[in-house]
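So the structure is just underneath, and the comments pick up after that.
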Amino acid sequence: MERLFATEIIGGRALYKLHAVTVAVGICLVLYYRATRVPEQGQGRAAWLGMLAAELCYAAYWVVTQSVRWCPVRRIPFRDRLAARYGERLPCVDIFVCTADPHSEPPSLVISTVLSLMAYNYPTEKISVYLSDDGGSILTFYALWEASLFAKHWLPFCKRYNIEPRSPAAYFSESDGHQDLCTTKEWSLIKDMYEEMTERIDTVVESGKIAEEIKEKHKGFGEWSPEITSKNHQPIVQILVNSKDGNAVDNDGNVLPTLVYMAREKRPQHHHNFKAGAMNALIRVSSVISNSPIIMNVDCDMYSNSSDTITDALCFFLDEEMGHKIGFVQYPQNYNNMTKNNIYGNSLQVINKVELNGLDSVGGPLYIGTGCFHRREILCGRKFTEDYREDWNGGIKDKMQAHADEIEEKAKSLAACTYEHDTQWGDEIGLKYGCPVEDVITGLAIHCRGWGSVCNNPTRPAFVGVGPTTLAQTLLQHKRWSEGNFSIFLSKYCPFLFGHGKITLQHQMGYCIYGLWAPNSLPTLYYLIIPPLALFKGTPLFPEITSPWIIPFISVFCVKNLYSLCESLLCGDTLKGWWNGQRMWMVKRITSYLYGVIDTVRKLIGLSKMSFAVSSKVSDEDESKRYEQEIMEFGSSDPEYVIIATIALLNLVCLAGGLSQMMTGERGIRFNVFCPQLILCGMLVITSVPFYEAMFLRKDKGRIPFSVTLASIGFVMLTFLVPIV
Ligand SMILES: *[C@@H]1O[C@H](CO)[C@@H](O)[C@H](O)[C@H]1NC(C)=O
Ligand SMILES: CC(=O)N[C@H]1CO[C@H](CO)[C@@H](O)[C@@H]1O
């Protein structure tokens with residue numbers, strides 16, 4: 001039988017392996033040189049040993065990153081074959097969307113995502129969309145109710161003209177007109193309708209109040225009494241559209257997808273386990289409403305950019321030969337608010353196109369918490385067995401045999417905060433608790449139960465979200481990622497321990513690429529501080545430029561950077577984008593990842609409890625303008641900016657000092673001995689140019705505040721007290 005998907009090895013492997021061997025040889029020579037030429041006490045012995053340690057860390061990390069680059073694969077689903085083979089027998093799909101707070105995640109944005117998911121090219125009676133509102137906000141409920149009405153117009157419109165993307169916000173904000181469509185009456189009608197709805201929602205959200213006459217239109221509003229707060233309320237489940245109910249049809253008379261609002265119970269004395277808790281409540285609530293065998297989940301700011309995504313994903317699960325081994329299908333994360341040259345290095349292209357595909361070849365990509373399709377049974381803890389075959393007809397066939405009210409009552413009891421007490425939920429069943437990146441552990445546990453996963457990265461991005469658009473948001477996001485993954489690495493879920501004997505060594509290493517992000521900050525900090533300082537103080541740390549031993553140092557440096565440049569360009573970044581990415585590589589390591597290490601260690605020794613901050617998705621007008629012009633945004637005196645400014649200034653001072661001492665021949669600083677350190681220092685200074693501008697030249701609000709500059713000057717002076725021994 002013809003396969004439903006194909007697997008291709010990504011080309012250029014011979015060249016890649018040649019490069020990898022070159023780097024490996026270079027690294028060995030560098031380490032050999034370091035280990036055999038340790039200077040005498042008092043001539044920089046400690047600094048030298050530190051360099052050796054830093055280079056050992058880099059070398060080990062480099063080896064880890066090779067696991068996913070050795071043989072990456074690409075998957076190509078054939079949706080036409082799926083349609084021809086399965087026709088009416090396609091399985092039902094439950095779609096979970098999680099939102100946390102109506103103020104940082106505006107409801108008008110959330111419902112655009114919901115509408116895009118309702119509008120998939122898939123039999124509508126087989127789709128059920130669930131919104132979990134952890135803010136427990138009547139404002140979000142109101143927005144969803146508006147969306148359920150607008151869907152009656154929106155879905156027929158999408159399908160009649162086959163438009164993309166199907167998020168109304170994204171569709172109407174596209175500047176490049178909609179060809180012939182925008183002159184039609186229907187287009188303007190829908191656009192006006194959408195804009196009026198958004199305006200109503202935004203007004204209501206701003207005022208925080210809902211008019212009485214609106215509240216009368218749906219019984220669901222009755223759930224909110226004045227005493228309800230986001231942290232203290234009863235469980236709320238409202239089926240806004242019930243596809244089994246004969247009245248749930250759009251303007252063309254087609255059935256609408258089921259749409260459910262859920263706010264699980266919150267009480268101050270019960271821990272709610274963040275998003276994992278919400279997902280688990282959704283798994284249970286959906287089990288009495290639709291109980292579809294496939295569960296898809298997306299973040300509330302990630303709309304569907306491609307209406308065939310469900311069919312594509314099912315090609316993997318339904319494939320006769322391989323399908324029964326696949327536990328989940330992960331789509332990469334894409335952002336729409338990226339500038340051309342990616343000033344904050346947020347394009348994720350290398351992760352999406354290289355690392356996820358590489359993980360796919362060694363056992364499966366990780367579960368990244370959004371844009372993912374799971375089998376329900378597997379999320380609920382099922383182990384892999386060779387003879388496993390899913391019954392795709394599962395699910396509740398006559399969903400609404402019981403009265404909708406009864407179902408809602410049943411569902412509410414499943415969303416109560418005591419429901420999970422003394423059960424396996426959060427451990428063996430559902431998403432795991434106790435870690436800020438619960439998705440990754442959940443995925444790891446699924447892999448360890450014997451399942452594989454695949455990554456589907458279609459040319460048309462399937463899910464598009466709002467990426468961080470300021471430096472602060474970027475750093476916060478990376479702090480969270482690096483910290484979460486590092487705490488997994490140090491926990492009993494460390495891929496090397498937990499995965500031992502269950503998944504391949506390469507797969508374990510692939511997981512550690514992210515787990516070791518945070519500790520990478522320490523060798524980087526060392527490399528950014530000690531060599532320049534040693535240059536200033538006249539202690540050599542590299543071989544002379546005329547010695548043959550300099551060759552491995554330079555070749556590793558050049559080949560690695562050349563490779564990373566090629567990788568970036570091949571993934572669609574620009575040259576400048578790559579350069580910006582290198583700067584952000586440094587900045588993230590000295591701030592986010594360092595914080596990640598510190599916080600993880602503090603938690604480990606019990607100094608602080610786990611905390612989780614939702615990064616804000618709104619930024620003001622000036623900031624947006626600077627973002628579009630690709631000017632870095634600082635503007636506040638956060639300690640991380642002091643670190644950045646200190647490192648930048650330190651390198652500048654040491655470069656100037658080193659050069660001038662060389663000119664005057666002071667302290668015997670000779671050119672050929674210190675040339676490598678000068679080059680390193682010079683590169684760092686060139687990379688840091690935007691920081692100097694932000695400190696000394698810029699006048700706008702996004703500059704580095706004077707207090708930060710002052711503090712960093714103080715720290716630079718302190719650094720000079722560090723002896724190089
Ligand atoms: C959404 O899909 C279209 C069509 O392929 C593509 O041109 C566009 O770049 C995608 N949007 C984003 C933000 O990736
Ligand atoms: C949420 C957000 O910031 N959206 C912006 C993304 O970028 C487009 C165009 O650059 C803006 O119009 C959106 O407001």
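Side chains are part of it too, since the values below use all heavy atoms of this structure and drop only hydrogens, waters and symmetry mates. Indexing begins at 1, ligand by ligand and atom by atom, following the structure's order.
The minimum heavy-atom distance between K479 and S592, with the atom names listed, is N-CB, 3.6 Å.
With respect to atom 14 (O) of ligand 1, the closest heavy atom belonging to the protein is P461 CG, 3.3 Å. Protein heavy atom closest to atom 12 (C) of ligand 1, with residue, atom name and distance, is V464 CG2, 3.7 Å.
With P257 as the fixed residue, the side-chain contact (heavy atoms from CB on, under 4.5 Å) test singles out one of L155, L117, V241: L155.
Polar contact with ligand 1: present for N305 (N/O pair, distance under 3.5 Å).
Aromatic ring orientation, Y130 versus F96: perpendicular (interplanar angle above 60°, classes split at 30° and 60°).
For the pair K159 and D252, the salt-bridge criterion is not met [side-chain N within less than 4.0 Å of a carboxylate O].
A cation-pi contact links R3 to F5, judged by a cut-off of 6.0 Å to the six-membered ring centre and 45° from its axis.
Atoms of ligand 1 found under 4.0 Å from any heavy atom of N336, numbered from 1 in the order shown, are 13 (C).
Not a single protein heavy atom sits closer than 4.0 Å to atom 7 (O) of ligand 1.
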